[in-house]
Each structure stands twice: as structure tokens, then as C-alpha cells.
Amino acid sequence: MKSEKPDIDLKITNTTRRCPIGETIGKRGMEESRIPVLSCEGACIRGEIARQAANMVAREAPYGRGCHGELITVPDSSIAQWFKNADKVVLIDGCFLRCHGRVLDKLLDQEKLIQFDALAVYKKYGDIFDVEDVPENERMAAARQVADYVLTRLNEGKGSDDKTLGREIACGS
């Protein structure tokens, strides 16, 4: 029998502050019915490739880039409301650990969170941590590969595996 680990509780200091551009982007995302895109923001090469891939996906209609920091720490912000009210949210995690996916499982309706594991798409750099150890052209090529995969799957009405849109588990996990 597999032993489940208990959830981790995290307390975050609340704020009444708002990011002006975050408010603009969140309101625009809701007004234009854009599908929010988030990514891993990890410091390693996997996080960087996922981040660049999310930027590429978000440049395509009907998607838009959002800030996970605001979603998590400013729950009443326009960005947070955009994510919470969207029909779908796309997440490109950097690897099989699904760090952002595991956090968002508790913040968003799991049925609308569509998750992708970037590393499972490009399958390189498993022994590298530092972003600078991979030439920029290779980083961007891997990000483009991930973005194309994500866009293809979304255009087919699928997530990262053969399930229909809805709760998707990152491929490779």
C-alpha cells in the first residue's frame, strides 16, 4: 500500500497592495476571455525552458500570460480573479515534480487546470542546473518545442496525454 504524505500548510502574509500592471493584465484577460498561462519559474534550466515556452504559448490567441505570484499571494487581485474565473488554465511545469501543479491543485478547480511537463517533451539537460550552461539558442529551441507541443495538444482539445481537456496529469510523471 502506498503511503500518502500529508499536505504542507503554508502561511503567507496578506497585503492590501496591488500591482498596477497585474491589475491591467488581469482585467484585460477577463474582458477578452483569454485562457491564462502559467509556468514553472524555477531557477534551473527546466524552469527557464518552461517559462520561455509559456511566454510563447501566451502570445497566441486565445491565451494570455499571468503571474503565479499574484495568484498565490494576492488572492483578491484582478490576476487571481482572472485565473479563478477562467474556464481553463494552462500550466507548463518544468519537470515531473509538478511544483506549481501541486500548489495550484489547492487554489484552482482541478477540472480546469491543464498541466504539461516540459522536460517530458524535450528530454534533455537532466544533469544540468544552471541556465547559462545551455546556450541560449538551445534553450529557446527546447522552449519552442514545448510550446509547439502544448499548442498542438490544446488545439486538438487535449492536454498532455490522451485525455480530453480537463484535469490532466503531466506526461512523464
side-chain contact (heavy atoms from CB on, under 4.5 Å) evaluation trace for Q81 with M30: CA-CA 8 Å; Q81 295 311 306; M30 288 185 280; 4.2 Å; yes
Would R65 and E41 satisfy salt bridge (Lys or Arg N to Asp or Glu O under 4.0 Å), going step by step from the backbone distance to the final call? CA-CA 13 Å; R65 191 70 157 96; E41 302 285 337; 3.1 Å; yes
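In this structure, R46 contributes its side chain and G126 its backbone to a donor-acceptor pair below 3.5 Å. Remark: the backbone N or O of I114 is not paired with any side-chain donor or acceptor of K88 at under 3.5 angstrom. Between the Q52 side chain and the A141 main chain, no donor and acceptor come within less than 3.5 Å of each other. No donor-acceptor pair under 3.5 Å is formed between the side chain of W82 and the backbone N or O of I25. Judged by distance alone, with hydrogens and angles left aside, the side-chain atoms of D93 form a donor-acceptor pair with the main-chain N or O of H100 at under 3.5 Å. No side-chain donor-acceptor contact under 3.5 Å links S33 to the backbone of G29.
A pairwise comparison of heavy atoms in E70 and C19 identifies OE1-CB, 3.7 Å as the closest pair. Nearest heavy atoms, T73 versus T15: O-CG2, 4.4 Å. Considering all non-hydrogen atoms of both residues, A58 and G64 come closest at CB-C, 3.7 Å. A pairwise comparison of heavy atoms in N155 and Y63 identifies OD1-OH, 4.5 Å as the closest pair. Closest non-hydrogen pair, C40 versus G94, comes out as CB-N, 3.2 Å. Considering every non-hydrogen atom in both P36 and A86, the closest pair reads CD-CB, 3.6 Å.
In this structure, R51 CZ and E48 CD are separated by 4.0 Å, a value rounded to the nearest 0.5 Å. Between E23 atom CD and S78 atom OG the span is 3.5 Å, to the nearest 0.5 Å. Atom-to-atom distance recorded for L104:CG and K112:NZ is 11.0 Å, nearest 0.5 angstrom. Rounding to the nearest 0.5 angstrom, the gap separating the CG atom in L91 from the CG atom in D117 is 10.0 Å. Remark: K123 NZ to Q145 CD distance equals 9.0 Å, nearest 0.5 Å.
Hydrophobic clustering of Ile, Leu, Val, Met, Phe, Trp and Tyr side chains at less than 4.5 Å, counting indirect connections, keeps V131 apart from M56. L97 and V121 end up in the same hydrophobic cluster when Ile, Leu, Val, Met, Phe, Trp and Tyr side chains are linked at under 4.5 Å. The hydrophobic clustering, which links ILVMFWY residues whose side-chain heavy atoms are closer than 4.5 Å, places L107 and L113 together. At a threshold of 4.5 Å between side-chain heavy atoms, the hydrophobic network of Ile, Leu, Val, Met, Phe, Trp and Tyr places M140 and Y149 in two separate groups. In this structure, Y122 is not a member of the same hydrophobic cluster as F129, with clusters built from ILVMFWY side-chain heavy atoms closer than 4.5 Å.
Taking the side chain as every heavy atom from C-beta outward, L154 and F116 approach each other to under 4.5 Å. Contact annotation: the side chain of E138 approaches that of Y125 to within less than 4.5 Å [non-hydrogen atoms, C-beta and beyond]. I92 is not listed as a side-chain neighbour of L38, based on a closest heavy-atom distance of 4.5 Å or more.
Residue-environment remark: CD (E136) stays at or below the threshold of 12 foreign heavy atoms within 6.0 Å. For CD1 of I8, the number of neighbouring non-hydrogen atoms (other residues, nucleotides, ligands) closer than 6.0 Å is 12 at most. The 12-atom threshold is exceeded at CG of D130, counting heavy atoms of other residues, nucleotides or ligands nearer than 6.0 Å.
Residue C95 forms a side-chain contact (heavy atoms from CB on, under 4.5 Å) with just one option from I45, I49, L119, and that option is L119.
For the pair K106 and D7, the salt-bridge criterion is met [side-chain N within less than 4.0 Å of a carboxylate O]. Ion pairing between a basic and an acidic side chain is recognised when a charged N comes within 4.0 Å of a carboxylate O; K84 and D109 show no such pairing. E156 has a carboxylate O that lies under 4.0 Å from a charged side-chain N of R153, or vice versa, which qualifies the two as a salt bridge.
Side-chain contact, R98 with Q115: a donor N or O sits under 3.5 Å from an acceptor N or O.
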